[in-house]
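FYI, side chains are in, hydrogens and waters are out, and symmetry mates aren't considered; it's all heavy atoms of this structure. Computed from a predicted model, the values in this text were never measured in an experiment.
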Amino acid sequence: MSHENIVWHWEQATSDEIAQGMRWYADAHHVATAIGNDDAHLGAGMLAIYSPQQGWIGNVLNAARVLRERKGIGGPGSGMFATTGQKRAADRLLKGERYEDILNGPKIRDFAHLIEFGGDQDSDDPHVVIDRHALSVAHGRALTSEEYDSAPVNGFRRKDGSISRRQYDHVVSLYRRAADLISTRTGERISAHQVQAVTWLVRQRLNQEAEQRRGPNRLDKGRNQARANSERAWNEFRTVFLPDLATCPGTGYQSAA
């Protein structure tokens, strides 16, 4: 695991991936503001709550549905791939609690922060979302779900309310180092979260290209179908309820719908 692997992924990025990744969190902020009825904190918190084990478009759709219906959704019989715990967290957020007091893991806390502010609120306190794809980038290869789940980056909430994130922040430091190197090379100040977003897009494109070369297996086909279903459902929802929302950041995957 190294910052060189992150820089290598940046060097594989197309001009479109760089442009999209550089503005990814700014675009996600507009989505959060729209689904949160001009409340970016609410929208970002709900996106973070429903993000685990969910593709981005499905995440947006779930969060938007909950905010429109004003009640948490999840658990058996909900018709949504979400847990009872997520439903409870969503209800707490809807009742006025702040996501900082609800979310326990460093990944989803950083995800909410970057979306709420469209980037870092304070450039001296950088945030980076270390999901499976981001950790894969740092490792220089695609990690399996099992490998990611066994990595010590989840963190936890201590009894005093603080969040354990020592191992997580080690990976963040690699992205900061990569951002510094890329900024020097390009002559443009690039933030660690922008490097993460660009390389995240690259990693997902590379994953899809590898899948196409070997031929999709049953799991790949299931994921592709789920992504296509989410894309169609989100486009229908947005057309009816959010017709003025023109921009929604995407992933590195080609459209499955």
Side-chain angles (χ1 to χ4, degrees), residues 23-75 78-123 125-131 155-157 161-163 165 191 193-194 196-197 200 230-231 233-251:
R23 66 173 191 269
W24 201 95
Y25 286 105
D27 287 346
H29 167 81
H30 290 304
V31 173
T33 303
I35 66 176
N37 195 24
D38 292 329
D39 186 338
H41 181 274
L42 177 63
M46 200 63 73
L47 286 166
I49 286 170
Y50 283 100
S51 64
Q53 305 299 317
Q54 183 64 260
W56 167 242
I57 297 301
N59 177 196
V60 175
L61 175 62
N62 290 346
R65 283 180 55 198
V66 168
L67 287 168
R68 177 164 182 79
E69 296 174 18
R70 305 301 295 181
K71 64 178 182 180
I73 305 174
S78 66
M80 178 187 286
F81 188 69
T83 66
T84 301
Q86 287 171 297
K87 176 184 182 300
R88 291 170 180 161
D91 285 333
R92 289 174 62 187
L93 189 68
L94 288 167
K95 291 177 181 177
E97 289 190 58
R98 296 183 60 78
Y99 67 69
E100 294 89 342
D101 299 322
I102 300 172
L103 304 174
N104 293 323
K107 179 185 73 173
I108 56 176
R109 287 169 66 93
D110 282 8
F111 191 50
H113 176 95
L114 289 167
I115 292 176
E116 178 182 4
F117 297 103
D120 290 312
Q121 183 182 29
D122 179 356
S123 60
D125 181 25
H127 295 67
V128 181
V129 177
I130 308 300
D131 65 358
F156 59 91
R157 186 183 293 275
S162 63
I163 301 296
R165 48 183 299 153
S191 300
H193 69 267
Q194 292 175 316
Q196 176 258 310
W200 181 79
S230 292
E231 289 174 3
W234 166 242
N235 287 333
E236 291 171 3
F237 183 97
R238 181 168 62 171
T239 298
V240 175
F241 299 113
L242 298 164
D244 295 329
L245 179 60
T247 301
C248 182
T251 68

Participant: Could you tell me which non-hydrogen atom of Val66 sits nearest to which non-hydrogen atom of Gly72, and how far apart they are?
Facilitator: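 That would be CG1-CA, 4.0 Å.
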Participant: Between Gln54 and Asn62, is any pair of side-chain heavy atoms under 4.5 Å apart?
Facilitator: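 Yes, close enough: below the 4.5 Å cut-off.
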Participant: Under the 3.5 angstrom rule, does the side chain of Arg109 hit a backbone N or O of Asn104 as a donor-acceptor pair?
Facilitator: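 The answer is no, because no donor-acceptor pair under 3.5 Å joins these two groups.
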Participant: Could you tell me whether Glu69 and Lys71 make a salt bridge, using a distance below 4.0 angstrom between a side-chain N and a carboxylate O?
Facilitator: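 Judged by the 4.0 Å cut-off on N to carboxylate O distance, Glu69 and Lys71 do not form a salt bridge.
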Participant: Heavy atoms only: give me the nearest Ala32-Ala40 pair and the separation to one decimal.
Facilitator: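 Closest heavy-atom pair between Ala32 and Ala40: CB-O, 4.1 Å.
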Participant: Got a donor-acceptor contact below 3.5 angstrom from the Tyr50 side chain to the Ile73 backbone?
Facilitator: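 The answer is yes, because a donor-acceptor pair under 3.5 Å joins these two groups.
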Participant: Considering only residues two or more places apart or on different chains, which pairs with a residue in residues 80-94 satisfy salt bridge (charged side-chain N to carboxylate O under 4.0 Å, His left out)?
Facilitator: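 For residues 80-94, and leaving out neighbouring residues, the salt bridge (charged side-chain N to carboxylate O under 4.0 Å, His left out) pairs sorted by first residue read Lys87-Asp91, Arg92-Glu97.
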Participant: If the test is side-chain contact (heavy atoms from CB on, under 4.5 Å), which one of Leu103, Asp131, Asn59 qualifies with Phe111?
Facilitator: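 So, applying the side-chain contact (heavy atoms from CB on, under 4.5 Å) to Phe111 and each of Leu103, Asp131, Asn59, only Asn59 qualifies.
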Participant: Please give me the minimum heavy-atom distance between Ala34 and Leu242, naming the atom from each residue.
Facilitator: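 Taking every non-hydrogen atom into account, O-CD2, 3.9 Å.
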Participant: Return the CG to CD distance between Asp39 and Glu116, rounded to the nearest 0.5 Å.
Facilitator: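 Going from CG on Asp39 over to CD on Glu116, the span is 8.0 Å.
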Participant: Is it true that a side-chain atom of His29 and a backbone atom of Ile115 form a donor plus acceptor pair closer than 3.5 Å?
Facilitator: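 Here the side-chain-to-backbone pair exists.
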Participant: Which residues pass the side chain to side chain contact (heavy atoms under 4.5 Å, CB included) test with Asp122, not counting sequence neighbours?
Facilitator: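 With sequence neighbours excluded, Asp122 shows a side chain to side chain contact (heavy atoms under 4.5 Å, CB included) to Asp124, Asp125, given in chain and number order.
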Participant: Can you confirm whether or not the ring centre of Trp56 sits under 6.0 Å from the ring centre of Trp200?
Facilitator: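 No, they do not, as the ring centres are separated by 6.0 Å or more.
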Participant: Got a second to check how far Ile102's CD1 is from Ile49's CD1, nearest 0.5 Å?
Facilitator: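 Reported to 0.5 Å precision, the distance equals 5.0 Å.
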Participant: Any chance you could measure Asp110, atom CG, to Gln196, atom CD, to the nearest 0.5 Å?
Facilitator: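 The CD atom of Gln196 is 9.5 Å from CG of Asp110, to the nearest 0.5 Å.
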Participant: Looking only at heavy atoms, what is the nearest atom pair of Ser51 and Ile108, with distance?
Facilitator: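 Looking at all heavy atoms of both residues, the closest pair is OG-CG2, 3.4 Å.
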Participant: Does any part of the side chain of Leu67, heavy atoms only, come nearer than 4.5 Å to the side chain of Leu94, both counted from C-beta?
Facilitator: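 Leu94 vs Leu67: side chains touch.
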Participant: What's the spacing between Ile57 CD1 and Ser230 OG if we round to 0.5 Å?
Facilitator: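 Rounded to the nearest 0.5 Å, the CD1-OG separation comes to 8.0 Å.
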Participant: CH2/Trp234 to CG/Leu245 distance, rounded to the nearest 0.5 angstrom?
Facilitator: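 Taking CH2 in Trp234 and CG in Leu245, the distance rounds to 5.5 Å.
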Participant: Side-chain contact, heavy-atom cut-off 4.5 Å: Gln86 with Pro52?
Facilitator: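 Of all side-chain heavy-atom pairs linking Pro52 with Gln86, at least one is under 4.5 Å.
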Participant: With sequence neighbours excluded, tell me which residues meet ring pair (Phe, Tyr, Trp, His ring centres under 6.0 Å) with His113.
Facilitator: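 Testing His113 for ring pair (Phe, Tyr, Trp, His ring centres under 6.0 Å), a comparison that skips the adjacent residues, returns Phe117, His127.
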Participant: How far does NE2 of His41 sit from OG1 of Thr33, to the nearest 0.5 angstrom?
Facilitator: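 Interatomic distance, His41 NE2 to Thr33 OG1, rounded to 0.5 Å: 12.5 Å.
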